[in-house]
Asks: 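One structure coming up, written as structure tokens, with questions to follow.
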Amino acid sequence: MELIYHTWSWYISGFIIGLVMLSLIYFGKSFGMSSNLRTLCSIAGAGKKVTFFNFDWKSQRWNLAVVAGAMLGGFVATHYLSDASNVSINPKTIAQLQMMDIDAPQGKLMPDTLFSNDVFESPKSILILIIGGILIGFGSRYAGGCTSGHAISGLSNLQLPSLKAVIGFFIGGLIMAHFILPLIV
Amino acid sequence: MKLVKFILVGFIFGIVLTKSEAVSWYRIYEMFQFQSFHMYGIIMVAVLTGIIGIQIIKKYNLKDSSGTPIRIADKVPGTFRYLVGGVIFGLGWALAGSCPGPIFILIGAGFTSVILVLLGALIGTFLYGVIKDKLPH
């Protein structure tokens, strides 16, 4: 049982994620989570004003079902399959975070500094999360996919455009983590 | 119900991303600091599994569950949109510490504040839709 409650190893996890992608291909679909953002915009009525969102969103219901399942999986895993040993990151990382006043994990998935409900009282924290989201949403549509669509699906199919996108992901991520984040948090 | 199998696949995806901690802001930060192999290992094994699976599909012309031969569309060739869009995405990935899949998983797990990230992601997607024809691709 400990095997389930503790952090899952990278090789088991990576293998299962690969199988998730392959099973969606077997079901005649493809693995890509950011497309759901476009679908949600379309459901909200964005198609009336912007043609990009004017498509038959019902054809994407299967992907929304994947999202619903993923949310349920997240709930079950955090509430019933986790323990205090989780998220044991590198002590060097913890020390670095401490210098930015970001609390250590101690079994939590997310730092309280950035994600506790207190953030709703801090305009700055609200802005950080919303701007982070805007970059994610805009960037993934511009690049035509995110970590699932390019890094997993695209690279698995040996797609050069996906490799370019993944290189972009890491350039952006490294710039943020090393140069911008220390200035704003 | 045709959707049940997709809910099940999503459920497994949500569990494995949570239990591998790929949804954790900490793991993403640690990855970008090159202070752990964990996230790189996950991505590498997932891609390796995918490459082997897709090669098998192509070699044996396997059919999908409805009996149609599996065809995986190639990505549209190009460079600019992939690099620039990728960099923009990467900035957000490291700032909010989550990509689109984990955004939904974390909200399901009960992290209310991540709804703000989702809200931003919807705004960002909408913005792209509005100005996409003016952008170089």
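Just so it is clear, the values below take in all heavy atoms, side chains as well, and ignore hydrogens, waters and symmetry mates. Reminder, nothing fancy here: chain letters follow the sequence lines and each chain counts from 1.
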Asks: Heavy-atom distances under 4.5 Å only: say whether B/Thr68 touches chain A with side chain, backbone, both or neither.
Replies: neither
Asks: Please look at A/Phe115 and chain B and tell me whether the side chain, the backbone, both or neither of the residue comes under 4.5 angstrom of a heavy atom of that chain.
Replies: both
Asks: Measuring heavy-atom distances to chain B, does A/Leu174 have an atom under 4.5 Å in its side chain, in its backbone, in both, or in neither?
Replies: both
Asks: At a heavy-atom separation under 4.5 Å, does B/Ile115 approach chain A through its side chain, its backbone, both, or neither?
Replies: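 When you check distances to chain A, no heavy atom of B/Ile115 falls under 4.5 Å.
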Asks: Where on A/Leu158 is there a heavy atom nearer than 4.5 Å to chain B: the side chain, the backbone, both, or neither?
Replies: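 Looking at A/Leu158, just its side chain touches chain B.
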Asks: In terms of heavy-atom proximity below 4.5 Å to chain B, should A/Val66 be classed as side chain, backbone, both, or neither?
Replies: both
Asks: How long is the gap from OG on A/Ser23 to CD1 on B/Ile12, to the nearest 0.5 Å?
Replies: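 One gets 7.0 Å once the value is rounded to the nearest 0.5 Å.
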Asks: Is it the backbone or the side chain of B/Lys63 that comes under 4.5 Å from a heavy atom of chain A, or both, or neither?
Replies: backbone
Asks: Between A/Ile180 and chain B, with a heavy-atom cut-off of 4.5 Å, which part of the residue counts as in contact: side chain, backbone, both or neither?
Replies: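 Contact with chain B: side chain only.
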Asks: Would you confirm whether B/Lys19, through its side chain, and A/Ala77, through its main-chain N or O, come within 3.5 Å as a donor-acceptor pair?
Replies: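 No: the side chain of B/Lys19 does not pair with the backbone of A/Ala77.
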Asks: Any donor and acceptor pair, going by atom type alone, linking the side chain of B/Thr49 with main-chain N or O of A/Gly18 inside 3.5 Å?
Replies: no
Asks: Measure the CG-CD1 distance between B/Leu91 and A/Ile131 for me, rounded to the nearest 0.5 Å.
Replies: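 B/Leu91 atom CG to A/Ile131 atom CD1 measures 11.5 Å (nearest 0.5 Å).
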Asks: Which atoms of B/Ala22 come close to chain A, meaning under 4.5 Å heavy atom to heavy atom: side chain ones, backbone ones, both, or neither?
Replies: neither
Asks: Given heavy-atom pairs under 4.5 angstrom as the criterion, report whether the side chain, backbone, both or neither of A/Phe52 touches chain B.
Replies: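 It is the side chain, since no backbone atom gets that close.
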Asks: Non-hydrogen atoms of chain A under 4.5 Å away: do they reach the side chain of B/Val76, the backbone, both or neither?
Replies: backbone
Asks: Classify the side-chain pair B/Glu21/A/Thr7 by whether it contains a donor and acceptor separated by less than 3.5 Å.
Replies: yes
Asks: Measure the spacing between CD1 of B/Ile42 and OG of A/Ser13 and express it to the nearest 0.5 Å.
Replies: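 With rounding to 0.5 Å, CD1 (B/Ile42) is 5.0 Å from OG (A/Ser13).
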Asks: With a 4.5 angstrom heavy-atom cut-off, is it the side chain or the backbone of B/Pro136 that approaches chain A, or both, or neither?
Replies: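 Both backbone and side chain of B/Pro136 come within 4.5 Å of chain A.
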Asks: So which of B/Asp74, B/Leu127, B/Val130, B/Ile123 has the largest heavy-atom pair count under 4.5 angstrom toward chain A?
Replies: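 Heavy-atom pairs under 4.5 Å are most numerous for B/Asp74.
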Asks: Are B/Phe89 and A/Phe138 an aromatic pair, judged by ring center distance below 6.0 Å?
Replies: no
Asks: Using non-hydrogen atoms only, which part of A/Ile94 is less than 4.5 Å away from chain B: side chain, backbone, both, or neither?
Replies: neither
Asks: Using modelled atom types only, decide if a donor and an acceptor are shared between the side chain of B/Lys75 and the backbone of A/Gly154 within a distance under 3.5 Å.
Replies: no
Asks: Applying side-chain contact (heavy atoms from CB on, under 4.5 Å) to A/Leu37 and B/Phe104, what does each step give before you reach the verdict?
Replies: CA-CA 10 Å; A/Leu37 297 168; B/Phe104 294 112; 4.1 Å; yes
Asks: Please test A/Phe31 against B/Phe13 for ring-ring contact (aromatic ring centres under 6.0 Å, His included), starting from the C-alpha separation and ending with a verdict.
Replies: CA-CA 11 Å; A/Phe31 180 45; B/Phe13 179 59; 5.2 Å; yes
Asks: Counting the benzene-type ring for Trp, do A/Tyr142 and B/Tyr82 have ring centres under 6.0 Å apart?
Replies: no
Asks: For A/Leu72, which atoms come within 4.5 Å of any heavy atom of chain B: side chain, backbone, both, or neither?
Replies: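 Both backbone and side chain.
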Asks: Under 4.5 Å from any heavy atom of chain A, what part of B/Tyr26 do you find: side chain, backbone, both or neither?
Replies: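 Contact with chain A is through both the backbone and side chain of B/Tyr26.
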Asks: Tell me whether the NZ or CZ atom of B/Lys5 lies within the 45° cone about the ring axis of A/Phe27 and under 6.0 Å from its centre.
Replies: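 Ring-cation test returns yes.
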Asks: Got B/Phe6 and A/Asn63 here, is their nearest side-chain heavy-atom distance under 4.5 Å?
Replies: no
Asks: Is any side-chain heavy atom of B/Leu95 closer than 4.5 Å to one of A/Ile184?
Replies: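 A side-chain contact exists here, since the closest heavy-atom pair is under 4.5 Å.
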Asks: Using modelled atom types and a 3.5 Å cut-off, is there a donor and acceptor pairing between side-chain atoms of A/Arg141 and backbone atoms of B/Thr125?
Replies: no
Asks: Does any backbone or side-chain atom of B/Leu8 lie under 4.5 Å from a heavy atom of chain A? Answer side chain, backbone, both or neither.
Replies: neither
Asks: Let me see the working for A/Leu181 and B/Tyr29 under side-chain contact (heavy atoms from CB on, under 4.5 Å), right down to the final yes or no.
Replies: CA-CA 10 Å; A/Leu181 204 62; B/Tyr29 182 83; 3.8 Å; yes
Asks: Supply the atom-to-atom distance B/Leu17 CG to A/Ile16 CD1, rounded to the nearest 0.5 angstrom.
Replies: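 If I round to the nearest 0.5 Å, the distance is 10.5 Å.
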Asks: Can you measure from CD (B/Gln33) to CD1 (A/Ile89) and round to the nearest 0.5 angstrom?
Replies: 10.0 Å
Asks: What part of A/Leu97 gets within 4.5 angstrom of chain B, counting heavy atoms only: side chain, backbone, both, or neither?
Replies: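 The answer is the side chain of A/Leu97.
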Asks: Given side chains that start at C-beta, do those of B/Ile54 and A/Ile25 come closer than 4.5 Å, heavy atoms only?
Replies: yes
Asks: For A/Tyr11, I'd like to know if atom OH has over 12 heavy atoms of other residues, nucleotides or ligands within 6.0 Å.
Replies: no
Asks: If you round to the nearest 0.5 Å, how far is NZ of A/Lys29 from OG of B/Ser65?
Replies: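 Reported value, rounded in 0.5 Å steps: 8.5 Å.
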Asks: Could you tell me whether the side chains of A/Lys164 and B/Thr79 share a donor-acceptor contact shorter than 3.5 Å?
Replies: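 A donor-acceptor contact under 3.5 Å links the two side chains.
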Asks: Measure A/Met110 against the heavy atoms of chain B and call it side chain, backbone, both or neither at under 4.5 Å.
Replies: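 Both parts, backbone and side chain.
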